[in-house]
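Below: the structure, in C-alpha cells.
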There are 2 protein chains.
Amino acid sequence: MSAITVSRALREPARVAEETRRAVLRAIARLGYVPDLVAGALASRRSRIVGAIVPTIAGAMFADTVQGMSDAVHAEGYQLLLGAHGYDLGAELALVQAFIGRRADGLIVTGVQHAPATRRILAASGLPVVETWDIGRRPLDMIVGFSNFRAARAMAEYLLARGYRRLAFISGPLRAHDRSRPRRDGFRAGARHAALVELHMTDGSDMRSGAKAIVELLARDPKVDAAFFVNDTMAAGALMECTRRGWPTPGRVAIAGFGDFEVAAAVAPALTTVRISGYEIGRRAALMLTARLAGKEVSHAIVDLGFEVVARDSA
Amino acid sequence: MSAITVSRALREPARVAEETRRAVLRAIARLGYVPDLVAGALASRRSRIVGAIVPTIAGAMFADTVQGMSDAVHAEGYQLLLGAHGYDLGAELALVQAFIGRRADGLIVTGVQHAPATRRILAASGLPVVETWDIGRRPLDMIVGFSNFRAARAMAEYLLARGYRRLAFISGPLRAHDRSRPRRDGFRAGARHAALVELHMTDGSDMRSGAKAIVELLARDPKVDAAFFVNDTMAAGALMECTRRGWPTPGRVAIAGFGDFEVAAAVAPALTTVRISGYEIGRRAALMLTARLAGKEVSHAIVDLGFEVVARDSA
DNA sequence: ATGAAAGCGCTAACAC
DNA sequence: GTGTTAGCGCTTTCAT
C-alpha cells in the first residue's frame, strides 16, 4: 500500500474503501505511527497553526483572552503559537516575523497600534489577521473588541450621575500604544467640566500600585470624591488599602474599576466597574480567523462586543 | 549565489565571508525574504518549538507559569505551542499527540499524573519532557516543582502552632490527578489528631466558591477555628465573604490560602499562605528543556523549588 | 479506489 | 569559503 493511501485514509476517509481504511488504522495503531505535521504543512502550505500575540499572559487582563483563543482554536483543529511582547512594539514585530516564518495560517494581535514595519510585513504576508481589545475605523483586516474610549466615558458619566464632582483617573504607565490612553481620553470626555486629576503610576498596574495610588491621590488632592482605575486589579488594591486604613468606600472616596474581573464582584464592598469579556474576545477572534481559513465569508469583519457599566457598592 | 550560502549567512555567519554575508543581508532586506522555518524544521529535524500543556490558562495559578515559559522560551530562540486540557487526562493525551506530530523539540506538562497512553507515547517519542508543579520520586524525565504534600502539611503545623484546634480543608472538586489531593493528604498528615473537617466544592475553586464554602463550612461545623483553602483565590473569596458578614478573621475563623498570589498580600486582612512561584516553575522548566536541547548535561533533573509558609494577618 | 511522479523550501553531508 | 547532491515526509496533480 502506498503512502498516499494512508494519507487519504487519514484526511479524507470517504475517498478510501472501507476495508482499506480499517487496515490503515490497524497498522497505525500497531506501529504507533504519528503523522509528521511539519512535512504535511510544507507540502500542503497550510500549517493549521494560529499565532497569537498578547502584551502579557500573567494578570487577569489577558489570561482569559488566551484561554478563549486556546479553547476555540483547538476546537477547530488548530494549534496555538503564543507570544507575549511586554508592551514593546519592537518585540511585537519580532514575534510577527517569527510566526510568519513558522507559516502560521493566521495571526491574532492585541490592539490597533503597531510599528509601521509590523503593518507592512503583515500586509505583505497576505495572512488573515484579527486585532483585538479595541475597535478601530480601519482595521488591518478583522477586529473584535469594544471602544475603550466610550467605555471609560460611560463610567465618567455614571460617576457624575451619582453625584460625584471631583474625579480622578488612575492608571499604570501611560504608553502611546496600549489601551490606557483611549480610556483616559474617554474619561476626560465624560468628565466634561468636572474637576479631574490624573495619576499615572510608573511602577505597574497591579494591586500594590493601586494601593499606593489611592494614598498618593488623596494626599495630593483630598477633595477627590471618586477615583476610576484603568483596571479592576488596581481598583481592588486601592479598595483594600482603604479598608486597611479605615477609609469607607464610597464614604471617603468612591472607587471604580475596569474589566469586571473575578475580583470585582468578590471584594467587599463590591466593585463598580465596566464589564467586558476577555474570554469572549479571544474566543471570537479565534473563530473569525478559523472561519476565514475554512473559506467562509466573514461578513462582520468588525465585531463590537460592547461593554456595560456595572453599578455595585464601591461607587 | 547558492541557497546554502544564504542559509549559512543566516544561521552561521562566521562560516561565510564578511562581504558575502552583507550582500545576503542586503538582498533579504530588499526582497522581504522570510525564511520558511517549516521547511527548515523538516530538513534539520529540529523545529525550535516547545510544546507546553497546562490545565488552564485563566486564573492566577498557571497564567504566571505560562508567562515564565513564554519569556524563557523566546529568550532561547524557541517558540511556544500552548494547550490547556481543563483537568482532562484524555485531552492531555490528545495535546501530547498533536505536539509530537508537530515535531516539538520538547514538552512541558503539568503534574505527575498522566494517562498510561500518554506515558507510553511520551517515552516512545524519545523527546525531553519536563513535568511541573510537583515533585516525584520517578519523573518521566525532568521535573521542577515542590512537594504539595509537605507544603500543605507545613501549613497544618503552622496553624496548630498558632493554637488553632479545629481545622478545615477546603478545595474545589477533588480529582484523582490534580494537586488538590496531595495537598489534602499533606494537610491531614499535619493535622494529626486535631479535629479536621473537609469540604470539596463541586462548582470550582474560584473566589465565589470560596465565599460559598466558608458559609457552608461554618453552618456545618460552627466550632471550626481555622480553614485552609487549596488556593489563594478561594481563600480571598472566603475572606471577603467574612468581611461582608462582619465575621472577623481570624477572630471568628482564621483563613489560610495557598500560592501567595498577588491578591494574598493585598487583601485586608492580609492572607496567610504558602508561597510558591508559578512564574519560576515555568521559567525553570523551559530553561531545563532548552539547555538539554542545546546538548548541555542537565545535572539536576529534579528541581525542588520549595515553599515557604508566609504568616500574615488572616491566620 | 488507488498509485506514480514531482516537489514543497530548506539543510546535512560531502566535495572542491 | 562556497557549491552540489540528495532527501526530510508529506501532499498535489495527474493517471489508471
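Sequence lines set the chain letters: A, B, ... in the order given, protein chains first and strands last, and positions in each chain run from 1. These numbers come from the heavy atoms of this one structure, side chains and all, not from hydrogens, waters or symmetry mates.
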Handout entry: N or O in side chain of B:Ser2 less than 4.0 angstrom from D:dT4 OP1/OP2
Key = no

In this structure, how many angstroms lie between the [atom2] atom of [N] and the [atom1] atom of [X], rounded?
{"X": "A:Arg103", "N": "C:dG9", "atom1": "CZ", "atom2": "P", "value": "8 Å"}
{"X": "A:Ile28", "N": "D:dC10", "atom1": "CD1", "atom2": "P", "value": "10 Å"}
{"X": "B:Arg102", "N": "D:dC10", "atom1": "CZ", "atom2": "P", "value": "13 Å"}
{"X": "B:Arg15", "N": "C:dA12", "atom1": "CZ", "atom2": "C1'", "value": "10 Å"}
{"X": "B:Arg46", "N": "C:dC10", "atom1": "CZ", "atom2": "P", "value": "16 Å"}
{"X": "A:Arg48", "N": "D:dT11", "atom1": "CZ", "atom2": "P", "value": "12 Å"}
{"X": "B:Glu19", "N": "D:dT2", "atom1": "CD", "atom2": "C1'", "value": "14 Å"}
{"X": "A:Leu42", "N": "C:dA6", "atom1": "CG", "atom2": "P", "value": "18 Å"}

Problem - Euclidean distance, B:Gln79 CD relative to B:His74 NE2, rounded to 0.5 Å - result: 4.5 Å

Out of [options], which nucleotide sits closest to the side chain of [X]?
{"X": "B:Thr5", "options": "D:dT11, D:dG1, D:dG3", "answer": "D:dG3"}
{"X": "A:Met1", "options": "C:dC8, D:dT11, C:dG3", "answer": "C:dG3"}
{"X": "A:Ile4", "options": "C:dG3, D:dG9, C:dT11", "answer": "C:dG3"}

Practice task
May I ask you to decide if B:Arg48's main-chain N or O and B:Asp105's side chain share a donor-acceptor pair within less than 3.5 Å?
Solution key: yes

Practice task
Would you kindly say whether A:Arg183 and A:Asn148 are connected by a side-chain donor-acceptor distance under 3.5 Å?
Solution key: yes

Problem - Residue whose closest nucleotide on DNA chain D lies nearer the 5' end, B:Ala17 versus A:Ser7 - result: B:Ala17

Exercise for the section: Between A:Ala41 and B:Ser44, just flag the one whose closest nucleotide in DNA chain D comes earlier from the 5' side. Expected result: B:Ser44

Practice task
Classify the nucleic acid contact of B:Arg11 as base, sugar-phosphate or nothing, counting any heavy atom under 4.0 Å across all strands shown.
Solution key: sugar-phosphate

Exercise for the section: Assign each of B:Ala39 and B:Arg8 to its nearest nucleotide of DNA chain C by heavy atoms, then name whichever residue's nucleotide is nearer the 5' end. Expected result: B:Ala39

Handout entry: Presence of salt bridge, A:Arg103 and B:Asp36, under 4.0 angstrom
Key = yes

Fill in the blank from the handout: Checking A:Val112, A:Val129, A:Val109 against A:Ile143 for side-chain contact (heavy atoms from CB on, under 4.5 Å), the one that qualifies is A:Val112

Practice task
Answer yes or no: side-chain N or O of B:Arg45 and base N or O of D:dG9 forming a donor-acceptor pair under 3.5 Å.
Solution key: no

